Q: 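Quick one: structure below, then a few questions.
Convention: sequence-line order gives letters A, B, ...; per-chain numbering from 1. Values in this document were obtained by computation on a predicted structure and should not be read as measured data. All heavy atoms count here, side chains included; hydrogens, waters and symmetry mates do not.
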There are 2 protein chains.
Amino acid sequence: MTGPRSAQGRPPAASPSHVRAVALDDVDRRLVRLLEEDARMPNNALAAAVGVAPSTCLARVRALRERGVIRGFHAEIDPAAVGRGLQAMIAVRMQAGARAQLRDFARRVADRPEVMDLYFVAGADDFLIHVAVKDTATLRAFVVDQLSARPEVAVTQTSLIFEHLPAAGSGFV
Amino acid sequence: MTGPRSAQGRPPAASPSHVRAVALDDVDRRLVRLLEEDARMPNNALAAAVGVAPSTCLARVRALRERGVIRGFHAEIDPAAVGRGLQAMIAVRMQAGARAQLRDFARRVADRPEVMDLYFVAGADDFLIHVAVKDTATLRAFVVDQLSARPEVAVTQTSLIFEHLPAAGSGFV
DNA sequence: AATGAAAACAGAGATCC
DNA sequence: GGATCTCTGTTTTCATT
């Protein structure tokens, strides 16, 4: 484990992509796939599953972390179980004159506790915000206070999310 | 740890919400927050951080898993590092007559390796698909073969994602 | 339900191939 | 770069409160 993280902040490094074109061999790819599914798989089980010695496996996983291939290990939490049963996707378009502040504005929004993901997109909208909140009143407050009331924001469009299927572990690594 | 997962499938249980209105006390909430940030935090460190004995901590975490509050532990992977440097959000609207098959169709799509998340939404679109792929050719192949060529699909709209800020650990648990 | 002690186990390093 | 061995520390169980 490296450094701890500020409780409310963004992950420290591992920016957009970078450390690019890292060549992963077959063992690396299998490790990534296994840890994507179960981040707590013991090192020796991991080693056995990919067919290397535990010490090798440990070194491989550490290298994957250091290369930025593995960005971190996280528990997946049921939002509803922690009082965030309502999810929405909010498309935001900034005022033409406010494009220069787009990234700073979006990053501040992304640091709000309601926000689960923020996607900068190409096209009519500037970014999408995936939020999980307690109820419609909280959602409305977020949209109004954090977005539509801001002069930088031109338009927002909120879509309620009925269900979210995350795909942790299904990638074709 | 409960059962293993089929490599390509969805997580087993923990559907939309369920096990609902689970009362979490202060210790539970702190455990959830810590594990959301670092799923591999050692049990004794976890115990010390929340102020209970390691054995108690272990039982708490196990209970959180069994209650479905914690759905799993996953490594966060840099998509670019595993050859999926291009991300997009695809909005899909189904044909009016195909709404009955919406869920089945969407679930099959969600099991595709390109798909990272699928959101069923209210409004003009039926669902949004967050994909991560190698290049534009792969993206185009996905959109055409899996979506627009299908008779159930009315329209798709693809937005490239420039950057994705995930918020693991920022929730207000 | 939480604890403390004891047993089982995994993790990290040094050494060698 | 990878394996074997060993020591240290953590995870886990269980009797107890």
Q: Rounding to a whole Å, what distance do you find between A:D25:CG and D:dG1:P?
A: 11 Å
Q: Grab the CZ-P distance between A:R40 and D:dT11 for me, whole Å please.
A: 8 Å
Q: What integer distance in Å separates A:N43:CG from D:dT4:C1'?
A: 15 Å
Q: Over its full length, what angle do the end axes of the helix from C:dA1-D:dT17 to C:dC17-D:dG1 make, each axis taken from five pairs and the result rounded to 10 degrees?
A: 30°
Q: What residues, two or more places apart in sequence or in another chain, satisfy salt bridge (charged side-chain N to carboxylate O under 4.0 Å, His left out) together with A:R29?
A: A:D26
Q: Tabulate atom names and distances for all N/O pairs under 3.5 angstrom spanning the protein and nucleotides 13-17 of chain D.
A:
{"residue": "D:dT13", "atom": "OP2", "partner": "B:R62", "partner atom": "NH1", "Å": "3.3"}

Q: Identify, between A:P42 and B:T56, the residue whose nearest nucleotide on DNA chain C lies closer to the 5' end.
A: B:T56
Q: Linking Ile, Leu, Val, Met, Phe, Trp and Tyr through side-chain heavy atoms less than 4.5 Å apart, which residues share a cluster with B:Y119?
A: A:M89, A:Y119, A:V121, A:L128, A:I161, B:M89, B:V121, B:L128, B:I161
Q: Once side chain to side chain contact (heavy atoms under 4.5 Å, CB included) is applied, do any residues pair with B:L58, and if so which ones, sequence neighbours excluded?
A: B:N43
Q: Find the distance A:N44:CG to C:dA12:P and express it as a whole number of Å.
A: 12 Å
Q: Nearest whole Å is fine: how far is C:dC9 P from A:L46 CG?
A: 19 Å
Q: Name all residues meeting the side chain to side chain contact (heavy atoms under 4.5 Å, CB included) criterion together with A:L34; count only those two or more places apart in sequence or in a different chain, and write none if there are none.
A: A:M41, A:L46, A:A49, A:V50
Q: B:D25: which residues meet the side chain to side chain contact (heavy atoms under 4.5 Å, CB included) condition with it, sequence neighbours left out?
A: B:V27, B:D28, B:R60
Q: Sequence neighbours left out, cut at 3.5 Å: what donor-acceptor pairs do the side chains of residues 94-101 of chain B make with other protein atoms?
A:
{"residue": "B:R99", "atom": "NE", "partner": "B:D126", "partner atom": "OD1", "Å": "3.1"}
{"residue": "B:R99", "atom": "NE", "partner": "B:D126", "partner atom": "OD2", "Å": "3.2"}
{"residue": "B:R99", "atom": "NH2", "partner": "B:M94", "partner atom": "O", "Å": "3.0"}
{"residue": "B:R99", "atom": "NH2", "partner": "B:D126", "partner atom": "OD2", "Å": "3.1"}

Q: Over how many whole Å does the gap from B:M41 atom CE to D:dG9 atom P extend?
A: 18 Å
Q: Remaining members of B:V144's ILVMFWY cluster at a side-chain heavy-atom cut-off under 4.5 Å?
A: none
Q: Salt bridge (Lys or Arg N to Asp or Glu O under 4.0 Å): which pairs involve residues 128-142 of chain A, sequence neighbours left out?
A: none
Q: Going by atom types only, do A:H74 and B:E36 share a side-chain donor-acceptor pair under 3.5 Å?
A: no
Q: Name all residues meeting the salt bridge (charged side-chain N to carboxylate O under 4.0 Å, His left out) criterion together with B:R150; count only those two or more places apart in sequence or in a different chain, and write none if there are none.
A: none
Q: Identify the pairs formed between an N or O of the protein and an N or O of nucleotides 15-17 of chain C at a distance under 3.5 Å, and give each distance.
A:
none

Q: Rounded to whole angstrom units, what separation is found between the CZ atom of A:F73 and the P atom of C:dG11?
A: 11 Å
Q: In terms of heavy-atom contacts, does CD of B:Q157 have more than 12 from other residues, nucleotides or ligands at under 6.0 Å?
A: no
Q: What is the distance from CZ of A:R60 to P of C:dA12, rounded to the nearest Å?
A: 17 Å
